[in-house]
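Just so it is clear: chains get the letters A, B, ... in the order the sequence lines come, proteins before strands, and each one is counted from 1. Atom set for the values below is all heavy atoms of this structure, side chains included, hydrogens, waters and symmetry mates excluded.
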Protein chains: 2
Amino acid sequence: MSPSAPCPGGRSWAAHAGETLSRAGHRSGAARAVVVQMLDASACCLSAQEVVDRSRAAQHPIGVASAYRVLEQLHSLHLVRRIDLGDGLARYEALSPDGERHHHVVCVECGRVVPFEDHRLESALSAASAPPGFSLIEHDVVLRGRCAHCSRDLLLPPAQAVSPA
Amino acid sequence: MSPSAPCPGGRSWAAHAGETLSRAGHRSGAARAVVVQMLDASACCLSAQEVVDRSRAAQHPIGVASAYRVLEQLHSLHLVRRIDLGDGLARYEALSPDGERHHHVVCVECGRVVPFEDHRLESALSAASAPPGFSLIEHDVVLRGRCAHCSRDLLLPPAQAVSPA
DNA sequence: TTAGATGCAAAGATTTTGCAAGATC
DNA sequence: GATCTTGCAAAATCTTTGCATCTAA
C-alpha cells in the first residue's frame with residue numbers, strides 16, 4: 001500500500017522507475033513523467049483514462065495514446081502491475097521492488113475498490129497446487145462483496161437508499 | 001470441473017438452467033438452447049465468440065448479440081460465472097448449484113487455460129480478512145505461470161522452440 | 001543529428017443497443 | 001395474439017496503431 005512510500009533503498013518508486021527505464025534504454029519525456037508521478041502518488045490502481053483525466057486536472061495534460069504506451073512500457077519492465085477488476089477496464093498500480101503485494105475488494109453495488117492484505121491468503125496462494133509441470137509466476141485475486149455503505153443501504157427503505165453508482 | 005456432470009438432484013446443469021430460466025419467466029429459444037448446451041458440454045470457461053464459433057461448427061449458428069444476451073441472462077440468475085483472465089475477453093462457465101468452484105491457471109507464453117482446485121486456498125479465501133464492514137460474496141482467482149510445454153521450450157535453443165500462440 | 005517520445009486521428013476489438021422479424025406460451 | 005427471443009447492423013467502449021512532429025541525449 002503506502003503511496004509514495006520510499007523503496008527499500010530509501011528512494012521513491014518514481015525514482016526507481018526512472019532509473020529502471022533509463023537503464024532499459026528509454027528516454028525521459030513529459031508524458032512519462034506525468035504517468036509515473038500519478039502512479040507514485042496514487043494509493044491504489046488507476047485506469048488509463050483516470051491517468052489522463054488527472055493529468056488534465058493537474059494542468060499537465062497528456063494524450064490517451066501516450067498514457068497507454070507508458071503504462072505498457074512500465075508493465076513490460078515489471079514496474080507496474082496490471083489489474084483486471086472485471087469491468088472491462090485495465091488498471092495499473094506501482095509495483096515496489098520489494099515484492100510487497102495487496103489484493104482488491106470490489107463493491108458489487110457501487111463499484112468502490114478497496115485494497116487489502118492477508119498474509120494467510122498470501123501463503124495459501126504461494127503454496128497453491130498448480131497442475132503438474134506448471135511453474136507459477138504470479139496471481140491475481142479479486143474479492144467481491146458489499147461495502148459498509150451499501151450493506152447499510154440494503155436495510156433502508158428503497159426510497160431512502162442512495163442510488164448505486 | 002466435471003463437464004455435463006449431473007447436479008445433486010441427478011439432473012444435468014442444462015436441465016437445471018432451463019428450469020431456473022423458465023421459473024424466472026423467460027421463454028425458451030433456439031439461441032438459448034445452443035448456448036446452454038455449449039456451456040454444459042464444455043470442460044472450462046468459454047468466451048462469447050467461442051460460443052458463436054462452436055455454434056456455427058455444430059451447424060446451429062447463433063448471432064453474436066444473442067450469445068451475449070443469453071450469457072448475461074444466465075449470469076444474472078447465477079447460472080454461470082463470469083471469468084476475466086486479463087486478456088480483454090469475458091469468459092463464462094456453468095455454475096453448478098452445489099457451489100463447487102475451481103480456479104484457473106493461465107500460461108503466460110501460450111495462453112493455455114487450465115482449471116484447478118485447491119481446498120486450502122479455498123479455505124483461506126473464505127476466511128480472507130476483508131476491510132471492516134465489507135461483506136464478501138465471491139472471489140476470483142487467476143494464477144499465471146508457464147505450462148509444462150512452454151517451460152520445456154525455454155530450455156531448448158530458440159531455433160527449436162515452438163512459437164508461442 | 002539520430003532515435004525515441006508524444007499527440008492526434010484512424011483503426012481494431014469487444015460488448016451493447018435499436019429495431020424488425022420470428023417463436024413461444 | 002401478446003410478448004419475449006433472435007439476428008443484423010449500428011453504436012458505444014476501451015485499446016492499439018500510423019504518422020508527422022517534437023525532443024532528449
Side-chain angles (χ1 to χ4, degrees), chain A residues 14 17-39 45-56 58-77 79-80 82-92 111 165, chain B residues 17-38 45-56 58-77 79-80 82-92 111 165:
Chain A
E19 193 176 302
T20 305
L21 283 161
S22 56
R23 259 205 307 268
H26 293 292
R27 296 181 185 176
S28 70
R32 194 187 86 179
V34 169
V35 173
V36 169
Q37 187 190 320
M38 293 281 161
L39 290 172
C45 48
L46 294 177
S47 69
Q49 194 56 58
E50 283 174 326
V51 169
V52 171
D53 292 344
R54 294 190 183 196
S55 77
R56 273 200 264 262
Q59 305 293 324
H60 287 292
I62 67 172
V64 192
S66 299
Y68 278 104
R69 274 188 287 235
V70 171
L71 289 169
E72 170 50 34
Q73 201 175 62
L74 293 169
H75 187 233
S76 71
L77 290 171
L79 288 166
V80 298
R82 195 172 185 278
I83 294 163
D84 209 315
L85 297 180
D87 61 352
L89 283 187
R91 287 159 216 267
Y92 301 83
Chain B
E19 193 176 302
T20 305
L21 282 162
S22 56
R23 259 205 306 269
H26 294 292
R27 295 179 185 176
S28 69
R32 195 187 85 179
V34 169
V35 173
V36 168
Q37 187 190 320
M38 293 282 161
C45 49
L46 294 177
S47 69
Q49 194 56 57
E50 282 173 326
V51 169
V52 172
D53 292 345
R54 293 189 184 197
S55 77
R56 274 200 262 263
Q59 304 294 324
H60 288 291
I62 67 173
V64 192
S66 300
Y68 278 105
R69 274 188 287 236
V70 171
L71 289 169
E72 171 50 34
Q73 200 173 62
L74 294 169
H75 186 233
S76 71
L77 290 171
L79 287 166
V80 298
R82 195 173 185 280
I83 294 162
D84 209 315
L85 298 180
D87 61 353
L89 283 187
R91 288 159 214 267
Y92 301 83

J.: Mind listing the residues from residues 18-27 of chain A sitting with a heavy atom below 4.0 Å of DNA chain C? Number order is fine.
T.: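 Hits under 4.0 Å, by residue number: A/His26, A/Arg27.
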J.: Please enumerate all residues that pass salt bridge (Lys or Arg N to Asp or Glu O under 4.0 Å) together with A/Arg69, with sequence neighbours excluded.
T.: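 Scan of A/Arg69 (salt bridge (Lys or Arg N to Asp or Glu O under 4.0 Å), adjacent residues dropped) gives none.
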J.: How far apart are the C-alpha atoms of A/Leu79 and A/Leu39, what are their side-chain angles, what is the distance that settles it, and do they pass the side-chain contact (heavy atoms from CB on, under 4.5 Å) test?
T.: CA-CA 10 Å; A/Leu79 288 166; A/Leu39 290 172; over 6 Å; no
J.: Name the nucleic acid region contacted by B/Ser66, choosing base, sugar-phosphate or nothing; use a 4.0 angstrom heavy-atom cut-off, strictly under.
T.: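 Base contact - B/Ser66 has a heavy atom under 4.0 Å of at least one base atom.
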J.: I'd like to check the side chain to side chain contact (heavy atoms under 4.5 Å, CB included) partners of B/Arg54; sequence neighbours left out, ordered by chain and number.
T.: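 With sequence neighbours excluded, B/Arg54 shows a side chain to side chain contact (heavy atoms under 4.5 Å, CB included) to B/Met38, B/Ser42, B/Leu46, given in chain and number order.
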J.: Does any N or O in the side chain of B/Ser47 come within less than 3.5 Å of the main-chain N or O of B/Leu89, such that one atom is a donor and the other an acceptor?
T.: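 Pair absent, no side-chain N/O of B/Ser47 close to backbone of B/Leu89.
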J.: Can you give me the closest heavy-atom contact between B/Arg82 and A/Gly86, atom names plus distance?
T.: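 Heavy atoms of B/Arg82 and A/Gly86 come nearest at NH1-O, 3.1 Å.
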J.: Scan nucleotides 13-21 of chain D nucleotide by nucleotide, 5' to 3', and note B when protein non-hydrogen atoms come under 4.0 Å of the base, S if they reach only the sugar-phosphate, - if neither.
T.: -SBBBB---
J.: For a side-chain contact (heavy atoms from CB on, under 4.5 Å) check, start with the C-alpha distance between B/Val70 and B/Ile62, then their side-chain angles and the critical distance, and finish with the verdict.
T.: CA-CA 11 Å; B/Val70 171; B/Ile62 67 173; over 6 Å; no
J.: Which nucleotide span of DNA chain C, 5' end to 3' end, has atoms closer than 4.0 Å to non-hydrogen atoms of chain B?
T.: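 Footprint of chain B along DNA chain C, 5' to 3': C/dT14 to C/dC25.
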J.: Identify, with sequence neighbours excluded, every residue that meets salt bridge (Lys or Arg N to Asp or Glu O under 4.0 Å) alongside B/Glu50.
T.: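 With neighbours one apart ignored, the set is empty.
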J.: Working to the nearest 0.5 Å, report the span between CG of A/Leu71 and OG of A/Ser76.
T.: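 So the gap between those two atoms works out to 11.0 Å.
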J.: If I compare all heavy atoms of A/Gly63 with all of A/Val52, which pair ends up nearest, and what's the gap?
T.: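 In this case the closest contact between A/Gly63 and A/Val52 is O-CG2, 4.2 Å.
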J.: Using atom types as modelled, flag every donor-acceptor pair under 3.5 Å from a side chain in residues 24-37 of chain B to any protein atom, sequence neighbours excluded.
T.:
residue, atom, partner, partner atom, Å
B/His26, ND1, B/Gln73, NE2, 3.2
B/Arg32, NH1, B/Arg27, O, 3.0

J.: To the nearest angstrom, how far is B/Arg32 atom CZ from D/dT6 atom P?
T.: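 Atom-to-atom, B/Arg32 to D/dT6, this comes out as 8 Å.
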J.: Using five base pairs at each end to define the local axes, how bent is the helix from C/dT1-D/dA25 to C/dC25-D/dG1, to the nearest 10°?
T.: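 That helix has its two terminal axes inclined by roughly 30°.
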J.: State the CG-CG distance between B/Asp84 and A/Asp87, to the nearest 0.5 angstrom.
T.: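 Between atom CG of B/Asp84 and atom CG of A/Asp87 there are 8.5 Å.
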J.: If every non-hydrogen atom of B/Tyr92 is compared with every non-hydrogen atom of B/Val80, which pair is closest and at what distance?
T.: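 So the two residues come closest at CD2-CG2, 3.9 Å.
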J.: By side chain to side chain donor-acceptor pair (under 3.5 Å), which residues pair with A/Gln49, not counting sequence neighbours?
T.: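 Scan of A/Gln49 (side chain to side chain donor-acceptor pair (under 3.5 Å), adjacent residues dropped) gives A/Asp53.
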